[in-house]
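Notes follow the structure.
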Amino acid sequence: MQEHTTTGRILRGVGGLYTVLLDGVPAETVSCRARGLFRLREITPLPGDRVALAVGDGADGEAANTDDIMIAEIIDRRSALIRPPLANLDYLFVTLAAAKPTPVLETVDKLTAIADHNGIEPVIVIGKRELNPAEADRIADIYRTAGFAAFPLSCHTGEGIDALRGYIDQNLPGKIAAFAGASGVGKSTLLTTLFPTLDLATGGLSRKIERGRHTTRHVELYPLPVGGGTAFLADTPGFSMLDFARFDFFTLDDLPTAMRDLAPYLGRCRYTDCTHLCEEGCAIVEAVARGDIPPSRHESFRALYAVLKEKKAWK
Ligand SMILES: Nc1nc2c(ncn2[C@@H]2O[C@H](COP(=O)(O)OP(=O)(O)O)[C@@H](O)[C@H]2O)c(=O)[nH]1
Ligand SMILES: [Mg+2]
Ligand SMILES: [Zn+2]
């Protein structure tokens with residue numbers, strides 16, 4: 001049998017059957033399985049992976065059925081999350097609300113640290129701004145000072161939406177993104193506002209987590225037009241804060257370097273074994289006192305330090 005290769009991106013994988021968006025125009029998807037060699041190597045292709053496909057030519061020159069196409073190789077996997085199962089996530093939109101529910105910055109800081117540690121760019125979205133504009137802007141300031149892009153906005157008044165849309169159009173073409181945040185902060189509303197073509201009503205991002213005995217949690221990527229390109233939005237029904245927090249090994253030693261506004265001060269403390277909690281001569285504590293590091297970021301550092309010290313590792 002003749003064979004040629006083509007390339008594409010895995011959009012979903014359920015029960016060993018993958019949906020792959022082929023490169024090229026017009027966009028075309030195929031269903032296929034992975035070669036047995038993946039099982040031998042104990043590597044599982046994941047949504048988000050770029051893959052090479054081996055295509056066997058059927059009798060009429062066309063690939064006749066699913067079995068004539070196989071995932072042959074994973075190309076350049078940059079990162080892989082175990083939970084949610086997703087490869088190459090580029091952007092994590094950490095979503096909270098100015099009010100209803102009350103913002104919890106420690107949770108935001110935990111998510112951003114884990115994302116940063118995994119090479120994922122966190123973007124802070126503060127929704128429901130019209131309920132408390134001063135609070136929304138205060139939070140945005142904290143995260144801009146810490147070195148993140150931050151967008152206070154309201155889906156009800158439309159304020160701030162264009163700024164986020166501009167960021168998305170500029171940065172997301174060709175990238176994989178996900179929205180995380182507590183239930184009720186307004187993620188679904190925002191996604192509908194940003195991407196009207198997304199059909200939230202018929203499943204997709206609003207789908208409930210399937211917890212049945214024979215269903216495993218899976219992620220699906222939705223290709224979306226952004227800024228003249230295509231972004232891949234991860235359907236993450238199971239992304240509670242906790243799920244994200246558990247996705248990777250993360251130790252106490254990783255914490256200071258994973259907080260991007262604290263990291264530049266490392267190595268500048270008086271004592272080499274400084275824990276940066278409250279020590280004399282701590283460069284980080286001094287930077288907080290000067291107003292160069294937002295106090296809430298250091299409070300989160302201390303809280304997360306305590307958790308990590310207790311647990312040794314988040315898993
Ligand atoms: N006041 C206000 N409420 C909003 C806004 N955006 C969404 N909501 C409301 O917040 C609630 C939760 O929204 P939803 O999108 O389902 O949140 P999700 O659980 O994060 O997906 C709904 O009642 C929305 O109408 C907003 O900009 N302002
Ligand atoms: Mg929702
Ligand atoms: Zn220190």
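Computed over heavy atoms, backbone and side chain alike; hydrogens, waters and symmetry mates excluded. Ligands are counted one by one from 1 in listed order, and the atoms in each one are counted from 1 as well. Computed from a prediction, not measured in an experiment: that's the story for all the values here.
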**OP:** Could you tell me whether some N/O pair between Leu190 and ligand 1 is separated by less than 3.5 angstrom?
**Re:**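 No, since none of the N or O atoms of Leu190 sits under 3.5 Å from an N or O of ligand 1.
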**OP:** Indicate yes or no: does an N/O atom of Leu131 lie under 3.5 Å from an N/O atom of ligand 1?
**Re:**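 Among all N and O atoms of Leu131, none is under 3.5 Å from an N or O of ligand 1.
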**OP:** Take the Zn ion (ligand 3) as the vertex and measure to SG of Cys269 and SG of Cys274; round to 10°.
**Re:** 110°
Closest non-hydrogen protein atom to [atom], residue and atom name please, with distance?
{"atom": "atom 19 (O) of ligand 1", "value": "Gly184 N, 2.7 Å"}
{"atom": "atom 27 (O) of ligand 1", "value": "Cys155 N, 2.9 Å"}
{"atom": "atom 17 (O) of ligand 1", "value": "Gly186 N, 3.0 Å"}
{"atom": "atom 9 (C) of ligand 1", "value": "Lys128 NZ, 3.9 Å"}
{"atom": "atom 16 (O) of ligand 1", "value": "Ser188 CB, 4.2 Å"}
{"atom": "atom 4 (C) of ligand 1", "value": "His156 NE2, 3.3 Å"}

**OP:** May I ask whether Val185 and Ile168 are part of the same hydrophobic cluster, defined by side-chain heavy atoms of I, L, V, M, F, W, Y residues being less than 4.5 angstrom apart, directly or through others?
**Re:**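 Looking at the clustering, Ile168 is in a separate group from Val185.
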Subject >> Under 2.8 Å: N/O/S of Ser188 next to the Mg ion (ligand 2) >> reply: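 A backbone or side-chain N, O or S atom of Ser188 is under 2.8 Å from the Mg ion (ligand 2).
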Original post:
Can Ser183 be said to touch ligand 1, with heavy atoms closer than 4.0 Å?
Top reply: yes
Original post:
If you take all heavy atoms of Ala98 and Glu135, which pair is closest and at what distance?
Top reply: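 The pair with the smallest heavy-atom distance is O-CG, 3.6 Å.
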Subject >> Positive for side-chain contact (heavy atoms from CB on, under 4.5 Å) with Phe232, one of Ile176, Asp90, Leu89 >> reply: Ile176
Subject >> Glu130, portion touching ligand 1 at heavy-atom distance under 4.0 Å >> reply: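 Within the 4.0 Å criterion, Glu130 contacts ligand 1 through side-chain atoms alone.
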**OP:** Please state which part of Thr157 comes within less than 4.0 Å of ligand 1, counting heavy atoms only: side chain, backbone, both or neither.
**Re:** neither
Original post:
Quick one: CG on Leu255 to NZ on Lys309, what's the gap to the nearest 0.5 Å?
Top reply: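 Result: 13.0 Å between the selected atoms.
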Subject >> Result of checking Phe93, Phe195, Tyr222 against Phe179 for ring-ring contact (aromatic ring centres under 6.0 Å, His included) >> reply: Phe93
**OP:** Could you list the atoms of ligand 1 found under 4.0 angstrom from a heavy atom of Thr189?
**Re:**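 Going through ligand 1 atom by atom, the ones under 4.0 Å from Thr189 are 6 (N), 7 (C), 13 (O), 14 (P), 15 (O), 24 (C).
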Subject >> Atoms of ligand 1, numbered as shown, that sit under 4.0 Å from any heavy atom of Lys187 >> reply: 15 (O), 17 (O), 18 (P), 20 (O), 21 (O)
I'd like to know if the side chain of [X] reaches the main chain of [Y], judged simply by a donor and an acceptor atom lying under 3.5 Å from each other, with no hydrogens or angles considered.
{"X": "Asp169", "Y": "Gly227", "value": "yes"}
{"X": "Asp254", "Y": "Thr251", "value": "yes"}
{"X": "His276", "Y": "His298", "value": "no"}
{"X": "Asp109", "Y": "Arg297", "value": "no"}

**OP:** Dump the intermediate steps for side chain to side chain donor-acceptor pair (under 3.5 Å) on Asp23 and Thr7, then the final yes or no.
**Re:** CA-CA 6 Å; Asp23 293 338; Thr7 53; 2.5 Å; yes
Subject >> Sub-4.0 Å protein heavy atom near atom 23 (O) of ligand 1 >> reply: no
Subject >> Nearest to the Zn ion (ligand 3) - the N/O/S atom of His276, by atom name >> reply: ND1
